Amino acid sequence: MKTFSNSILMASALVASLAFTSCSDFLDREPLSDGTEAITFHNAEQFQQAADALYGPLPQWKNCTGFMDQNLDISGLASSGGTSVPETDGSWNFGDIRTCCILIEKAEEYTTDIDNSDIAASVGTAHFFRAYHHFALLRRYGGVPIIDHRMDLDDEVMYGPRNSRYEVVNFIISDLTRAINLLPEDKNLTDAERGRVGKDAAKALLARVLLYEGTWEKYVPAIGLDLDGDGVSSGAGKQKPEGYYSIDKMFSEAKRLSAEVIDEAESNGTYSLWNECDSLSYYYLFNIDDKGGNICNFKGAGKKTNREFILFTKYDYDLRRGGTNLTHRIITWGGTNISASFGESFLCRNGLPIRISYTGNMADAQNNPEFMGYGEFASEFRNRDYRFVGCAYLPDRSTWSSRDLDNRKCTVFGQPYPTPAFPERSDDPTFPGNGDTYDQVKDEPAYSSPSLITRPVLRGGNFGTYGSRKYLSEGANRPDNTESSDIPVIRLAELYLIYAEASCELGNGEISDQDLDYSINKTRRRAGVAPLTNALIANVWDAGYFDHATGHTICKKMTMLDEIRRERTCELFGEGFRLDDLKRWGIAHINLTGQKLGRHVLNTAYTKYRSNDATYYGQPCYFPEAYPLVYGVYEGSGESDPDYGRSIATSSDNLFFQVRDYLSPLPLEQIRLNPQLKQNPGW
């Protein structure tokens, strides 16, 4: 039998298009995705190969915009909502579920004792992915038809009504419980098998499902629209199976399951947070790609050092390359950017926000002692969360890039950033270059350097984001479309976050310091942020809290639930969680509407300095008379207004997200084909 690293890489690369290349005779002869009776299931190897093919629909670099949290409150909104019901929608697709059902049914023909057979792991994988796909449909549409067997064109399920969301959740729980019983212990997986689902992956996915649904059922009913409908005229109805979990039981089970994964990881070393690159560990976690002599980080820590990813889309420079120009996308700010409000929500290293109050009054709010303000271009990045500092494009340094035209490929170990080149220095002690005209420095060698550092300038645009280099490839041996870092689907950090949130929900907003140390204080430690404790935030207000309901910065009392949600946002940004989080917390229609403010302009370094680059030399860094920002600058009530001088990033006229958008509409074509399907409420 071929090793897992070969078979899954080749199978998962091509299953989506149903065009397999030679991974095995089995896959060459008949793709499992076709679901035909010509498929042979005569031995354990064929079941394993069929199970390996199920990984194909995991996130891929070719469609990476789907998991980068783009165009949301944390990445910078340009527009939202306002869509109409589509004629067709590729997401309303049950083909991958049918594929899982084929394997499960063939297993029942193969043996009467699956639990103790040589195909148990393959069957467990099929149950895992059947649940995975049902969960994806649930998040998008709410209730959907439950597919628990191989469907044919005349199957009654194809012409029946939807199951309620509660019936779907119950089915997902059942499938994942079955998967947990069948799958192997992760500690017993070999290095070649890393990436295959084991018990820990199934427990982690079930914990994710339970936290999602528990919070959905707790918070979404308050948004003002009954998204279940009656199942007769709209929606999928409210039918709950006998023994359906209560909200508290969902939280309790999410806490228990996440704890089991954490304990297993820490007691056996099965998984651990990746911390190989000092303060840049979080940044480099997402671009590890060391094969073929590529230098993917300054410590030379390759994929074998990464034990944080529990389930991931597996790439390999020799066997399966990314197939998209990822570096170009990221270096040109086309990835998962960091909005102004999100960037300002990253804490200082003492564990508190950049602006704080001890009375709740904005009038006596003060800068965090560690926050250095906006007086210099780089000052706001000092003493901040390493996830922000590591992933943002900083104004005082350049970054490596594997793209040819940037001429900044990393070719040496030990150097996290390229050596900067500064224009000719003069009498200005705070930043290089202070000549009156460009002619004075036009022959300065620094201007021909790819690592030139000049003062940032504002020339049009809306100045609403910081940009993010998360997922950026840096080395010299990754030509366009060959970047091959793995994509995390489930990683250990998420389990810490699930545990903390479930604990806080069970505690009605309270959580012990012991539980915090057990969970998210581990992710904060890697980020260089002080531990979260009850004493730390007692009687402290976040005076830099951007309130999406009003579109302004307010003074908000710090709470444990808010801080746990903040930690989740900072840790998982750009990994496809944000929209689901906004929905399940019942705040999507608030955060995705209303005017959004951008970064600070007035009374900052932008109004303090003149530019020293070749194009705008001698002009003010902010020059609105010649280069006004698209939406201008917000002045509010004057300089005492906490938002005075911020750019206006997005007009409310572009944001139309409504409560109906919590669920997507069913495509019209499907309703015509099956009139038993009722449209989601509000559409």
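Note that the structure is predicted; figures quoted are calculated from it, not measured.
Using a distance-only test at 3.5 Å, with no hydrogens or angles considered, a donor-acceptor pair links the side chain of Y55 to the main chain of V197. Counting only distance, with no hydrogens or angles, the side chain of Y244 and the backbone of V169 share no donor-acceptor pair below 3.5 Å. A donor-acceptor pair is defined here as one N or O able to donate and one able to accept, closer than 3.5 Å; no such pair exists between the side chain of K218 and the backbone of I247. Without hydrogens or angle criteria, D230 side chain to S233 main chain gives a donor-acceptor distance under 3.5 Å. Using a distance-only test at 3.5 Å, with no hydrogens or angles considered, a donor-acceptor pair links the side chain of T336 to the main chain of M68. Side-chain atoms of D175 do not come within 3.5 Å of backbone N or O of I172 as any donor-acceptor pair. Judged by distance alone, the side chain of Y282 and the main-chain N or O of E571 form a donor-acceptor pair under 3.5 Å. Between the side chain of K314 and the backbone N or O of L311, no donor-acceptor pair lies under 3.5 Å. Looking at N188, its side chain never comes within 3.5 Å of a backbone N or O of P184 through a donor-acceptor pair.
Both tests hold for R469 against Y283: distance to the six-membered ring centre under 6.0 Å, angle to the ring axis within 45°. Judged by a 6.0 Å distance limit and a 45° cone about the ring axis, R150 is not positioned over the six-membered ring of F94. Judged by the 6.0 Å and 45° rule, K470 forms a cation-pi pair with F573. R584 forms no cation-pi arrangement with Y212, by the criterion of a distance under 6.0 Å to the ring centre and an angle within 45° of the ring axis. Geometrically, R660 engages W683 in a cation-pi contact, judged by NZ or CZ lying under 6.0 Å from the ring centre and within 45° of the ring axis. The cationic group of R491 does not satisfy the cation-pi geometry with W274, failing either the under 6.0 Å distance to the six-membered ring centre or the 45° limit from the ring axis. For the pair K106 and F41, the NZ or CZ position fails the cation-pi test of under 6.0 Å to the six-membered ring centre and within 45 degrees of the ring normal. Geometrically, R139 engages F135 in a cation-pi contact, judged by NZ or CZ lying under 6.0 Å from the ring centre and within 45° of the ring axis.
Side-chain contact between F312 and L58: absent, with no pair of heavy atoms (C-beta onward) separated by less than 4.5 Å.
Between F286 and F309, the two ring planes are tilted [angle within 30° to 60°]. By the 30° and 60° cut-offs, the orientation of the rings of W61 relative to F67 is tilted.
Nearest approach of I310 to D200, heavy atoms of both residues: CG2-C, 4.3 Å. The two residues S91 and L137 have their closest heavy-atom pair at O-CD2, 3.3 Å.
When the side-chain contact (heavy atoms from CB on, under 4.5 Å) test is applied to S252, the partners found at least two apart in sequence or on another chain are L506. Under the side-chain contact (heavy atoms from CB on, under 4.5 Å) criterion, H328 pairs with N325, T332, R403, sequence neighbours left out.
In summary, R196 and D52 engage in a salt bridge, as defined by a charged side-chain N under 4.0 Å from a carboxylate O. Taking 4.0 Å as the cut-off between side-chain N and carboxylate O, K303 and D316 do not count as a salt-bridged pair. Under 4.0 Å is where a charged nitrogen must lie from a carboxylate oxygen, and between R140 and D89 at least one such pair does.
Within a 6.0 Å radius of NZ in K62, no more than 12 heavy atoms belonging to other residues, nucleotides or ligands are found. The 12-atom threshold is not exceeded at CD of E156, counting heavy atoms of other residues, nucleotides or ligands nearer than 6.0 Å.
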